[in-house]
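A quick write-up on the structure given underneath.
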Amino acid sequence: MSRRTLPRRFYDRDARDVAPELLHKVLVHDDPEHGRLAARLVEVEAYCGRDDPGSHAFRGETPRNASMFGRPGHLYVYFTYGMHWCSNLVCGPDTRPHAVLLRAAEPLDGLDTMYARRVKARRDRDLCSGPGKLAQAFGFDRRHDGIDVTRGIVRIVDDGVAPPADPLVSRRIGLAAGRGDDSLWRFSIRGSASVSVPPR
DNA sequence: GGTGTGATCGTA
DNA sequence: ACGATCACACCA
């Protein structure tokens with residue numbers, strides 16, 4: 001079974017093409033202080049730059065979203081709702097500010113550290129079943145914004161588990177209701193206990 | 001199991 | 001003002 005870090009060219013595409021291929025890939029954080037954390041991605045959303053009213057990049061570059069305007073294959077981590085961090089993988093093509101929001105994952109390694117950070121979690125499925133929870137479990141914050149996921153301590157690994165042939169495709173959470181967004185840019189694993197909100 | 005609501009603060 | 005959210009209260 002292969003175990004390779006995804007190369008930059010994997011990310012250098014439209015986020016809508018990258019997102020479904022990220023399902024079943026493994027997010028790894030070799031936390032210098034807490035050891036290895038790993039979880040299998042089961043839910044992601046594509047955000048498509050300047051043309052996408054739901055994207056932070058829609059209104060152009062600011063200090064906050066600068067990472068999205070850089071090279072593909074880096075993290076974009078932002079703070080929201082006054083209390084949560086969310087993490088994205090910057091895509092392309094080239095420097096077009098596309099990104100994939102990491103919404104949920106099934107924990108694989110470092111569960112003790114994840115439970116320590118996610119004090120409210122009662123069972124494994126509570127650790128990474130939402131973008132804010134996932135970032136908290138992995139210890140992501142502003143220090144991780146902009147880091148290179150093709151060579152750094154955070155990376156995405158293909159361990160040989162193929163993406164689903166029939167991912168569940170649905171509307172993005174948090175946008176559809178308020179802004180009448182009909183785009184189907186959310187991709188998740190059917191039946192996974194770690195998916196955040198039941199898809200509609 | 002489900003729904004509704006308040007928390008909390010950086011950003012524009 | 002408002003948000004790419006979460007946890008808890010409450011009802012079933």
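Because only heavy atoms are used, hydrogens play no part in the values below, and waters and symmetry mates are left out as well, while side chains stay in.
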- State plainly whether the residues A:Glu21 and A:Arg13 are in salt-bridge range, i.e. N to O under 4.0 Å. yes
- Message: Taking A:Asp109 first and then A:Arg36, would you say they form a salt bridge - that is, a charged N and a carboxylate O separated by under 4.0 Å?
- Response: no
- Message: Between A:Gln136 and A:Arg117, is there a side-chain donor-acceptor contact under 3.5 Å, judged purely by atom types and distance?
- Response: no
Within this structure, what is the [atom1]-to-[atom2] distance between [X] and [N], rounded to whole angstrom?
| X | N | atom1 | atom2 | result |
| --- | --- | --- | --- | --- |
| A:Arg64 | C:dG3 | CZ | P | 12 Å |
| A:Ile173 | C:dA4 | CD1 | C1' | 10 Å |
| A:Arg186 | C:dT5 | CZ | P | 10 Å |
| A:Arg59 | C:dC2 | CZ | P | 13 Å |
| A:Arg142 | B:dC9 | CZ | C1' | 11 Å |
| A:Glu61 | B:dA12 | CD | P | 11 Å |
| A:Trp85 | C:dG3 | CH2 | P | 19 Å |

- Hey, can you pull the residues of residues 69-81 of chain A with a non-hydrogen atom under 4.0 angstrom from DNA chain C? A:Tyr78, A:Tyr81
- Within residues 12-21 of chain A, the residues having a heavy atom closer than 4.0 Å to DNA chain B are none
Those residues that, when tested against [X], pass side chain to side chain contact (heavy atoms under 4.5 Å, CB included) (two or more places apart):
| X | value |
| --- | --- |
| A:Ala104 | A:Val42, A:Glu43 |
| A:Asp166 | A:Pro164, A:Arg190 |
| A:Pro97 | A:Arg50, A:Ala57, A:Met68, A:Phe69 |
| A:Leu6 | A:Arg4, A:Phe10, A:Tyr11, A:Leu22, A:Lys25, A:Ile156, A:Asp158 |

Taking N or O atoms only and anything under 3.5 Å, show me the protein contacts with nucleotides 6-9 of chain C, one pair per line.
| unit_1 | atom_1 | unit_2 | atom_2 | d |
| --- | --- | --- | --- | --- |
| C:dC6 | OP1 | A:Pro131 | N | 3.3 |
| C:dC6 | OP1 | A:Gly132 | N | 2.8 |
| C:dC6 | OP1 | A:Lys133 | N | 3.0 |
| C:dC6 | O4' | A:His84 | NE2 | 3.0 |
| C:dA7 | OP1 | A:Arg118 | NH1 | 2.8 |
| C:dA7 | OP1 | A:Arg118 | NH2 | 3.2 |

- Task: Would you confirm whether A:Asp126, through its side chain, and A:Arg122, through its main-chain N or O, come within 3.5 Å as a donor-acceptor pair?
- Result: yes
- Message: List the residues meeting salt bridge (Lys or Arg N to Asp or Glu O under 4.0 Å) with A:Arg9, not counting sequence neighbours, and say none if there are none.
- Response: none
- Note on the structure: Stem ranges of DNA chain B by first residue number, counting only runs of at least 3 Watson-Crick or G-U pairs under 3.5 Å, come to B:1-7 with C:5-11, B:9-11 with C:1-3
- Restricting to pairs with a member in residues 117-175 of chain A, which pass ring-ring contact (aromatic ring centres under 6.0 Å, His included), not counting sequence neighbours? A:His29-A:Phe140, A:His29-A:His144, A:Phe138-A:Phe140, A:Phe140-A:His144
- Provide the full list of ring-ring contact (aromatic ring centres under 6.0 Å, His included) pairs with a residue in residues 94-126 of chain A, sequence neighbours left out, each pair given once. none
- Task: Could you give me the CA-CA distance, side-chain angles and deciding distance for A:Ser194 and A:Arg125, then say whether side-chain hydrogen bond (donor to acceptor under 3.5 Å, both in side chains) is met?
- Result: CA-CA 5 Å; A:Ser194 292; A:Arg125 61 196 268 185; over 6 Å; no
- Would you list the pairs meeting side-chain hydrogen bond (donor to acceptor under 3.5 Å, both in side chains) in which at least one residue belongs to residues 78-96 of chain A, sequence neighbours left out? none
